[in-house]
Structure formats: structure tokens, C-alpha cells
Amino acid sequence: MYLSKNCNSFRQHTYYDINGFSFTNPHMACESALPAIMDEQALMGLNPNADACYRQRALAYFEQLKESLDGWEVCAQALAKGVYSDDHIKFFCFQVLEHQIKFRHGSLTAAQQQLIRETLMKWLQAQLMNVHPEKPFIRNKVAQVLALTFVMEYLTLWPKFFFDILNLVGLNPNGVDIYLRTLMAIDAEVVDRDILHSPEETRRNTLIKDSMRERCIPALVESWFQILQTYQHTHSELTCQCLEVVGAYVSWIDLNLIANDRSEHVCVSERGDCLFEIVNKGMDPVDKTKLVDSLCQVLQSAGFFSIEQEEDVDFLAKFSRLVNGMGQSLVLSWTKLSKMGDVKVSAGTLRAVEGKVPLMLQLLIHEDDDISANIVGFCYDYLHVLKQLPALNEQQKTNVEAIMLAVMNKLKYDDEYNFENEGEDEAMFVEYRKQLKMLLDRLAQVSPELLLEAVHRVFNATMQNWQTVQFMEVEVAIRLLYMLGEALPASHGAHFSGDTTKTSTLQSMMRTLIICGVSEYQHSSVTLEFFETVVRYDKFFLVEPQHIPSVLMAFLDHRGLRHSSPKVRSRVAYLFSRFIKTL
């Protein structure tokens with residue numbers, strides 16, 4: 001028996017013990033019955049630090065409540081009335097509720113189904129008052145339960161699901177968080193292509209999406225804009241959550257609802273951040289092209305394309321990533337359309353791709369390497385597109401040359417690079433250089449003639465005046481010659497036989513490298529690049545062996561093995577052993 005402290009008489013209660021039996025207190029009840037009592041000892045086993053026997057008891061209790069026809073109602077009442085503050089017990093109660101909705105919803109009475117709806121809405125209402133929101137794992141579980149309820153009831157019992165939630169939560173941050181998580185959970189249940197569904201579930205999901213388009217999508221989009229406008233400066237997490245929702249839903253709702261002048265609010269909200277999720281969403285290639293073009297128009301009208309006037313480096317890094325995502329999405333659409341044989345539409349998509357090239361080049365040549373690195377993927381994919389075309393038009397050739405010049409310029413070291421004590425910044429630049437090398441290799445595949453000619457021009461101009469040129473200019477000129485060895489195809493390093501145009505150009509540059517005296521340049525990066533290149537093109541000395549003595553002298557004197565830098569001496573010793581073996 002249980003004696004109420006608020007009543008002179010005994011109250012009637014229903015108890016659920018570990019054995020799953022229910023019994024009723026036969027004594028007189030007060031006017032309002034208290035909620036049923038849960039097995040407190042079993043609940044102790046939900047604590048991660050509980051003993052094994054308690055954990056086993058909690059697991060058994062969970063199974064008992066799941067199997068009981070009305071045991072879940074105890075959990076529903078506990079949630080609705082906020083009986084428990086322990087996170088693990090709350091999670092436990094939602095799990096029991098989830099099981100009933102997922103596996104027994106059809107067999108519940110109308111009153112029981114109504115109880116589920118009321119429980120969820122009461123719990124949600126309580127969250128609006130909380131100073132501290134629930135733990136993320138609780139919020140995610142609630143979102144899953146709400147999404148399951150939506151799937152089961154939206155078409156028949158709860159057509160005003162979204163309107164009820166929106167009217168309840170308004171713009172309360174705790175409520176908005178649950179609302180957005182619920183939308184993502186609904187996307188996982190109804191839309192996500194990575195989840196396999198039965199034919200019956202697929203038909204149901206199609207009906208749900210059709211009904212949502214007709215009933216509530218405009219209201220949902222309006223709520224997204226209000227959330228972004230309200231929290232763009234104060235709650236970045238909610239803003240990003242909201243943009244993720246937009247990215248999830250944009251593949252199947254009317255694009256005109258998203259890609260319009262009001263999208264400027266989306267752009268301004270996080271200054272381009274998270275929009276990547278929108279353009280990266282899988283969807284029909286034609287629709288994707290329209291979406292990206294619409295977003296670009298909005299971004300341009302909002303002034304985001306005026307890169308030279310923007311001083312916020314962090315923003316430009318995010319914006320560069322966004323442009324990279326848009327460009328890669330367009331390239332992917334072009335690839336799909338080309339495989340489908342749709343010549344006219346794929347040509348339009350290619351024009352859309354090339355319309356973004358000027359912006360891509362501005363970002364690629366930006367002095368900040370992070371901004372430049374973020375756009376390399378789009379640049380690489382664009383070159384891959386050009387490689388597949390039967391011939392390049394004049395504008396495409398101009399684009400290729402512009403990319404070449406950008407890569408050559410960005411390969412240069414800056415004044416702050418510490419060659420003697422390389423740290424994190426130096427390591428990041430080395431990785432960035434590897435990305436640029438990938439672009440150079442792809443440029444060689446698109447137009448080896450243009451690349452060879454461009455490198456030849458830069459190399460000769462630098463070597464003629466190496467005594468008066470800064471070290472980074474000299475180093476990169478030699479580096480470009482070195483990189484040609486991998487970029488241009490050659491069997492077993494035979495760069496000096498076969499194609500006369502290539503062999504004569506490479507041979508001329510190697511001859512210039514050795515006789516111009518640049519090995520005397522007083523900077524370790526230039527010195528090392530000189531010896532690396534000599535060893536890379538060791539077969540040059542088979543066709544012009546007269547240069548071997550001067551190169552050996554460079555290896556052995558103050559330029560090589562007697563250099564003042566231990567780092568240079570160590571590397572030159574290794575390179576010298578390789579060079580000797582080839583003679």
C-alpha cells in the first residue's frame with residue numbers, strides 16, 4: 001500500500017513490478033489519481049555505473065514494459081509530468097514509447113494514440129520553459145519518436161502535425177532545436193535514399209511527400225527563413241541546423257520556394273557557411289543546375305562575388321568552399337547528362353560550369369592559401385571535363401592558360417617560410433603544394449603543349465636574370481622543370497627521346513639550368529632544387545655528357561657536400577650517390 005502525503009485516504013495506484021504483473025490498491029481513491037509507479041530498483045540499472053545484476057534487471061524490465069499491452073502508459077505519464085530528472089530514465093521511457101509506435105501503433109486504441117500525441121506535445125511544451133536544454137542524445141531520441149509518430153499518423157490522424165508543433169514552439173530556441181531535429185529525422189524516415197524501404201513503405205512515403213507539398217511545405221519554408229533571420233547573429237548552431245534541413249529537403253520541394261530573392265537571408269545568415277550542404281545534396285542533374293544557378297544569382301546580387309573588396313579571410317575561406325561545392329555539383333550534373341546522351345542539356349550545364357570559372361580563378365590566385373586550397377577540387381574537376389572534350393575552343397584554352405599561371409604563381413614560397421625550422425605552417429604549405437602538383441599533372445593531360453610552352457617561357461625568363469630575382473621566383477622556375485618530369489609521360493624517364501618538340505624543349509632547359517650558373521644562388525631551397533632536378537633528369541647526360549664535370553664539381557664543392565647547411569649537405573649526399581650510379 002502507498003499512503004499519499006496530500007490525502008487523508010489511501011489513493012489507488014497501478015504498480016508494475018519486474019515480473020510485469022499489475023495490481024491495484026483496493027482502497028479508496030482521491031479525486032485525481034496519481035500516475036502509475038515504475039520499478040525504481042530496475043531503473044537503477046540504467047545508470048552506466050550500475051552493477052551487472054541491476055543492469056540485467058533494467059534490461060528485463062524494458063522487455064516487460066515493451067511486451068505489456070499498457071505498461072508503456074506508465075512511461076508516457078512519467079514523461080508528460082516530468083517525474084524523472086535522470087537522463088537515462090528519460091531515454092529509457094522514450095525507447096519504450098518508440099517501440100509501441102513502431103511495432104504496435106495499429107493495434108492501439110484511439111485513446112491510446114491520443115495519449116501518445118498528448119505526451120509528446122506536453123513534453124515539448126515543458127522544454128520551452130527549461131533554462132538548460134536536454135542532452136543531445138535525449139533530443140535526438142525525441143526527434144526519432146516524433147518522426148515515427150508523424151509517419152504513422154500524418155496521412156490519417158494528425159494532418160496538422162507541423163502546424164501544431166510550429167504553433168507550440170514559435171521561435172523558442174529549445175523548441176526550434178527539437179523542431180529542426182524532427183525534420184531531419186523525418187527526412188531519414190521518408191526521403192533518405194540510402195535507407196532501403198519495402199514497396200509498401202515507398203508508396204506510403206510518396207503519399208506523405210505529395211501531401212506535404214500540398215499542405216505544409218510553404219509554411220515550413222517560411223519557418224526556416226524566420227529561424228535564419230532570427231538567429232543568424234545569436235545562435236550559429238540553430239542557423240546551421242536550419243540550413244542542413246534546407247539542404248535535406250531541397251531535393252524534392254519546389255525550388256522556387258528556396259532559390260529566390262529571400263534566399264539572401266540564407267546567404268547573409270552565416271555568410272555562406274553551411275550552404276554547401278544544400279548544393280551538395282543528391283538530386284536530378286537538371287534541377288541541380290537550376291538550383292546552383294539560382295543560388296549564384298542571389299549571391300551575386302547580394303555582393304558576394306566582389307572578392308577583391310572583401311577583407312574577412314574567414315568568410316572568404318567559407319565562400320571558397322561553397323563555390324567549390326557548387327562547381328563540383330555542376331560538373332557531376334554534366335557528367336550524368338553526358339552519359340545519358342542529352343547533348344543539348346549537357347551543353348547548357350557545361351556553360352553553367354564555365355560561367356563559374358572566372359570566380360574560381362579569383363579564389364585560386366588569392367594570396368591566402370586556405371582560400372585557394374578550398375577551390376582546388378572544382379578546378380581539378382573542370383580540367384577533367386576539358387580533358388574529355390574532343391577539342392578546346394579559344395575561351396577554354398584561355399581558361400587553361402589562366403589556371404597554369406595561377407598554379408605557377410601559387411607554388412612560390414613566401415618570405416615567412418622557415419626553411420631551417422619547419423613547423424605546422426610550413427607543413428601545411430607542403431600539403432598545399434601537393435594539391436597544386438595534382439592540378440599541374442591534370443593540366444599536362446589536358447594540353448601538354450600549352451604546359452610545356454608556359455613552363456619554358458617562365459623558366460627561360462627567370463634563368464636569364466637569376467642574379468637579380470628573389471629566391472622564390474628562382475626556386476619555382478626550377479621546380480616547374482622538375483615537375484614536368486612527372487606531368488609529361490615518358491617511359492622509364494626517357495624524356496630525351498621520342499617527341500622532338502618535347503625532347504628539344506626539355507633538353508634546352510636542362511642545358512640552361514647547368515650553364516647559367518644558378519647553382520651558385522645563395523639560398524638553400526634553390527640549391528636543393530637544382531640538385532633534385534639534375535638527378536631527376538639523369539638521362540640528359542647520356543645525350544650531352546659534356547656537362548657531367550661541371551655538375552660533379554657542384555656536388556663536391558661549397559654548393560653541395562661542403563654547403564654550410566647540414567640539411568643541404570645531408571640531402572646532397574644522398575642525391576650524389578644516386579647520380580653516380582647512373583653514370
Engineer: Pairs of donor and acceptor atoms involving the side chains of residues 177-186, under 3.5 Å and at least two apart or interchain, shall be tabulated with distances.
Structural biologist:
unit_1 : atom_1 : unit_2 : atom_2 : d
Asp177 : OD1    : Arg139 : NH1    : 3.2
Asp177 : OD1    : Arg181 : NE     : 2.7
Asp177 : OD2    : Arg139 : NH1    : 3.2
Asp177 : OD2    : Arg181 : NE     : 3.3
Tyr179 : OH     : Ser223 : OG     : 2.7
Arg181 : NH1    : Asn140 : OD1    : 2.6
Thr182 : OG1    : Ile178 : O      : 2.7

Engineer: How many angstroms lie between CZ in Phe378 and CG in Leu383, if you round to the nearest 0.5 Å?
Structural biologist: 10.0 Å
Engineer: Which is it for Lys539 and Thr582 under the side chain to side chain contact (heavy atoms under 4.5 Å, CB included) test, yes or no, and what are the steps along the way?
Structural biologist: CA-CA 8 Å; Lys539 289 184 171 52; Thr582 63; over 6 Å; no
Engineer: Got a donor-acceptor contact below 3.5 angstrom from the Tyr537 side chain to the Gly485 backbone?
Structural biologist: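 Looks like yes, one N/O pair under 3.5 Å.
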Engineer: Rounded to the nearest 0.5 Å, how far apart are CG of Leu332 and CG of Asp381?
Structural biologist: 9.0 Å
Engineer: Atom CE of Met483 and atom CZ of Arg433: how far apart are they, to the nearest 0.5 Å?
Structural biologist: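 Result: 7.5 Å between the selected atoms.
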Engineer: Can a side-chain donor-acceptor contact be found between Gln328 and Asn324 if the only test is distance below 3.5 angstrom?
Structural biologist: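 Yes, Gln328 and Asn324 have a side-chain donor paired with an acceptor closer than 3.5 Å.
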Engineer: Can any side-chain N or O of Glu401 pair as donor or acceptor with the backbone N or O of Thr398 at less than 3.5 Å?
Structural biologist: no
Engineer: Picking from Ser333, Ser346, Ser329, what satisfies side chain to side chain contact (heavy atoms under 4.5 Å, CB included) with Thr289?
Structural biologist: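 Answer to the side chain to side chain contact (heavy atoms under 4.5 Å, CB included) test with Thr289 among Ser333, Ser346, Ser329: Ser333.
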Engineer: Quick one: pull up CD in Gln470 and NE2 in His523 and give me the separation to the nearest 0.5 Å.
Structural biologist: 10.5 Å
Engineer: So, Lys502 side chain and Leu488 main chain: donor-acceptor pair closer than 3.5 Å or not?
Structural biologist: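 No, the answer is negative, given that no donor and acceptor are paired below the 3.5 Å cut-off.
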Engineer: With rounding to the nearest 0.5 Å, note down the distance linking CH2 in Trp334 to CG in Leu337.
Structural biologist: 10.0 Å
Engineer: Tell me, with the steps shown, if Glu453 and Arg457 meet salt bridge (charged side-chain N to carboxylate O under 4.0 Å, His left out).
Structural biologist: CA-CA 6 Å; Glu453 180 185 340; Arg457 185 170 59 248; 3.8 Å; yes
Engineer: Between Phe429 and Tyr413, how do the two ring planes meet: parallel, tilted or perpendicular, split at 30° and 60°?
Structural biologist: tilted
Engineer: In this structure, is the centre-to-centre distance between the rings of Tyr521 and Phe530 below 6.0 Å?
Structural biologist: no
Engineer: Are the side chains of Met438 and Lys434 in contact, using a 4.5 Å heavy-atom criterion?
Structural biologist: no
Engineer: Are more than 12 heavy atoms, taken from residues, nucleotides or ligands other than Ile580, located less than 6.0 Å from that residue's CD1 atom?
Structural biologist: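 Yes, CD1 of Ile580 has more than 12 neighbouring heavy atoms, counting only those of other groups under 6.0 Å.
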Engineer: Side-chain donor-acceptor pairs under 3.5 Å in residues 441-448, sequence neighbours left out?
Structural biologist:
unit_1 : atom_1 : unit_2 : atom_2 : d
Asp441 : OD2    : Lys437 : NZ     : 2.7
Arg442 : NE     : Gln445 : OE1    : 2.8
Arg442 : NH1    : His384 : ND1    : 3.0
Arg442 : NH2    : Tyr380 : OH     : 2.8
Gln445 : OE1    : Lys387 : NZ     : 3.4
Ser447 : OG     : Leu450 : N      : 3.4

Engineer: Just checking, is any N or O donor in the side chain of Glu431 or Gln435 under 3.5 Å from an acceptor N or O on the other one?
Structural biologist: no
Engineer: With a 6.0 Å cut-off on ring centres, are Phe471 and Tyr417 close enough?
Structural biologist: no
Engineer: Assess whether a salt bridge exists between Glu473 and Lys412, defined as any Lys/Arg side-chain N lying under 4.0 Å from an Asp/Glu carboxylate O.
Structural biologist: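 Salt bridge flag = yes for Lys412 with Glu473.
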Engineer: Taking atom CD1 of Ile375 and atom OH of Tyr382, what is their separation to the nearest 0.5 Å?
Structural biologist: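 That separation rounds to 13.5 Å.
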